[in-house]
Amino acid sequence: MTLLKLATRRPTIRPNPLWLSAVAFLVLACASWAYLLVDSGSGFRELFQSETYQQASDFLGQLAGLDAEGTPAFLQWDKWMETGALAYDTLAMSVLAMGIAGVAALLTFLPAARNVATGELASSASLPSQALYYLLRGLFIFSRGIPELMIAMIVVFAFSPGILAGALALGIHNYGILGKLSAEVVEDLDPRSARALRTSGSSVFQMMAYGILPQALPQFLTYLLYRWEVVIRTTVVVGLVSAGGLGREFLLDMSLFRYTDVALLLIWYLILVVFVDLTTMFMRRLAR
Amino acid sequence: MRPSSASTTSPQASRNPRGDFFRGRGFLTLLLVAALLWSLTSLSWGSSPVHPGGLGSIGQFFQAAIRPDLSAEFLGLVVGSAWKTVAYAVAGICLAVGLGLPLGILASGVLARSPRVKVPGIAGFRFLLGAMRAVHELIWAWFFVAAVGLSPAAAIFALAIPYAGILGRIYADILNDVPDEPLRALRASGASEIKVLLYGRLPMALPDMLSYTFYRFECAIRSAAIMGFVGVGGLGMQIQLSLADLYFDEVWTLLYALVALVLLVDLWSSWVRRYLTS
């Protein structure tokens with residue numbers, strides 16, 4: 001029967017969306033490369049010349065402190081202590097950013113889920129809840145679409161430079177990402193336990209607390225930890241603008257050509273990245 | 001995000017013996033709250049966090065949101081710089097795939113059979129990929145500018161290096177997760193490891209790999225935009241210039257363009273991913 005159906009089905013002439021996308025991307029890629037290679041200011045030709053390699057190896061030598069007078073910064077104990085304090089600030093900035101993003105997302109991800117807003121789960125579809133859904137989704141799109149660095153440039157208009165300004169910028173951007181991801185978790189979860197609670201007479205609040213959150217929170221935690229791994233790398237970059245932690249010192253040392261100091265900052269940066277990666281690994285084991 | 005997240009934990013692992021507080025979620029909650037409180041202590045609570053007059057300028061900034069600069073000549077500039085940002089992102093992703101795919105295959109260790117080659121190979125290439133992605137693309141860009149001078153090519157390479165690190169690591173994970181039975185059939189019929197890779201692993205892993213690459217493309221648009229910070233043209237550079245001149249109406253036009261661009265790529269990539277994974 002099914003075979004017969006398959007055999008007699010008329011072939012539908014519909015372009016496969018994957019092929020369409022592949023062709024579109026290829027066209028885009030060709031146009032981009034053509035634009036970049038034809039444009040003489042793009043610097044691809046200059047990048048493949050022997051002087052470039054000379055310059056690059058000179059720069060690496062300066063980072064390693066080969067031709068610098070005096071002791072390189074990464075061999076001086078007091079320099080380690082100074083920049084260690086900045087690394088401590090950077091770590092605090094990343095944790096504060098995740099705190100801001102996490103708390104804000106926890107407070108708003110339920111009304112931003114489509115099945116909650118339309119009353120599929122809560123059976124309380126109302127105009128305000130629908131309006132709140134669109135408002136929150138718009139907020140997620142905006143805070144997600146603008147990079148942290150640009151939010152930081154705007155935040156420092158009002159806030160004094162420092163840890164708080166940087167954490168706020170990082171927090172706003174990651175709020176959008178966490179909010180979207182966790183709202184999607186609620187949209188994808190199994191609605192049966194929530195419906196069962198609702199039909200057996202529990203309130204909306206009870207249904208959220210016992211039917212939705214226990215399913216959604218572990219996934220939320222995974223996303224939070226994953227974002228923290230990303231954020232610790234970005235904190236240094238936001239520090240360039242918000243003048244907090246390692247970023248400020250990085251800006252200063254690069255501008256003053258103190259390259260061995262830059263190398264020391266890079267070492268601290270990598271220590272922070274590894275530390276956060278190990279911590280999240282440990283925390284994931286706890287969450288299981 | 002990583003395709004293999006905690007949703008795949010085995011039922012045995014999720015069962016925590018009750019009473020063992022230091023191995024459970026209660027302890028984790030305590031740790032997270034303690035970390036947040038610790039981060040609050042590092043703030044300077046004495047001074048006011050807000051500038052004198054800072055709230056006024058933020059007010060002006062948000063007022064400009066409803067009247068962005070929509071004059072024809074400025075819109076022309078916006079379209080031009082949006083195209084630059086897209087071109088850098090696309091070129092960066094192309095380079096990142098070209099660099100990340102071979103590195104990812106090497107880091108997955110699927111080409112080697114004897115463990116004497118396999119183990120140091122995996123460790124070495126995984127470490128290389130880790131080092132590439134540990135440093136943020138803007139720091140790479142800055143190093144490129146300091147070492148070889150300012151040019152779009154430098155920004156594209158700076159974008160491609162950390163992205164290749166991420167893509168290579170994910171490619172390696174996906175290639176390792178391919179089911180083994182079809183590969184054993186290939187090996188039994190005498191295929192070399194390269195042929196197993198070409199005719200077995202890669203075709204099976206391709207949908208997941210493409211899907212993740214597309215997700216990264218969306219991130220690349222944002223990353224290409226912030227390259228304006230080191231002086232490379234595009235939306236980020238224009239936003240920075242307009243912010244410095246306090247032309248908030250121009251800033252909003254550019255921000256709307258950037259958000260629209262990111263949203264467009266996001267919709268495209270989620271559309272493609274829906275077809276790839278179903």
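For the numbers below, each heavy atom of this structure counts, side chains included, while hydrogens, waters and symmetry mates do not. A note on names: the letters A, B, ... follow the listed sequences, proteins ahead of strands, and every chain is numbered from 1.
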Got a donor-acceptor contact below 3.5 angstrom from the A:Y269 side chain to the B:A134 backbone?
-> yes
Let me have the donor-acceptor pairs involving side chains of residues 31-39 of chain B, under 3.5 Å, with sequence neighbours excluded, atom names and distances please.
unit_1	atom_1	unit_2	atom_2	d
B:W38	NE1	A:Y88	OH	2.7
B:S39	OG	B:L36	O	2.7

Would you mind reporting whether A:V237 and B:W142 have side-chain heavy atoms less than 4.5 Å apart?
-> no
Look up atom CH2 in B:W83 and atom OG in A:S32, then write down how far apart they are to the nearest 0.5 Å.
-> 4.0 Å
Okay, side chain of A:R233, backbone of B:R133: is any donor-acceptor separation there less than 3.5 Å?
-> yes
Would you name the heavy atoms of B:V262 and A:G145 that are closest together and state the gap between them?
-> CG2-O, 3.9 Å
Parallel, tilted or perpendicular: ring planes of A:F142 versus B:W252, cut at 30 and 60 degrees | tilted
Mind listing the closest non-hydrogen atom pair of A:L36 and B:A91 along with its distance?
-> CD1-CB, 3.4 Å
Taken to the nearest 0.5 Å, the spacing of B:L138 CG from A:L149 CG works out to 6.0 Å
If you round to the nearest 0.5 Å, how far is CZ of A:F25 from OG of B:S269?
-> 11.5 Å
Select one option (side chain, backbone, both, neither) describing which atoms of B:I93 are under 4.5 Å from chain A's heavy atoms.
-> side chain
Could you label the plane-to-plane angle of the B:F143 and A:F250 rings as parallel, tilted or perpendicular, counting under 30° as parallel and over 60° as perpendicular?
-> tilted
Residues at least two apart in sequence or cross-chain that pass salt bridge (Lys or Arg N to Asp or Glu O under 4.0 Å) with B:R222, listed by chain then number, are B:E218
